[in-house]
Amino acid sequence: MLNIVSFLTGIISLIIVIPATIPFLGWANWLALPLIGIGVVLGALSSSNSGRNFCLIVGLIAVVRLSIGGGII
């Protein structure tokens, strides 16, 4: 059950992260990062690792985008 919740959290985060790749919308990644963290914790508590891994991939995309934009843009 926690794995499904982790997947749903990752999908919601991905919906936020995808438009944040557009220039000047990078601030939306800061909104997605806490949600990604919650998904990673829930995925770690579940018996399966797939939800956690999905959230980690979405988090990696968000962090790379933030590092490219200098953390703001």
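- When the side-chain contact (heavy atoms from CB on, under 4.5 Å) test is applied to L56, the partners found at least two apart in sequence or on another chain are V40, R52, N53.
- Closest approach of A62 and I36 over heavy atoms only: CB-CD1, 4.3 Å.
- Side-chain atoms of N3 and S47 include no donor-acceptor pair closer than 3.5 Å.
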Show me, pair by pair, the donor-acceptor contacts under 3.5 angstrom made by side chains of residues 4-21, not counting sequence neighbours?
residue : atom : partner : partner atom : Å
S6      : OG   : G39     : O            : 2.8
S6      : OG   : G51     : O            : 3.2
T9      : OG1  : V5      : O            : 2.7
S13     : OG   : T9      : O            : 2.9
T21     : OG1  : I18     : O            : 2.7

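- The cluster map of Ile, Leu, Val, Met, Phe, Trp and Tyr, joined by side-chain heavy atoms under 4.5 Å apart, puts L33 and V58 in the same cluster.
- In this structure, CZ in R65 is found 14.0 Å from CG in L60, a value given to the nearest 0.5 Å.
- Hydrophobic cluster membership is shared by L66 and I61, with clusters built from Ile, Leu, Val, Met, Phe, Trp and Tyr side chains linked at under 4.5 angstrom.
- M1 belongs to no multi-residue hydrophobic cluster, having no ILVMFWY side-chain contact under 4.5 Å with any other such residue.
- Closest of all the heavy-atom pairs between S46 and G43 is OG-O, 2.9 Å.
- Under a hydrophobic-cluster definition in which Ile, Leu, Val, Met, Phe, Trp and Tyr are linked whenever side-chain heavy atoms come within less than 4.5 Å, directly or via other members, L35 and L31 are assigned to different clusters.
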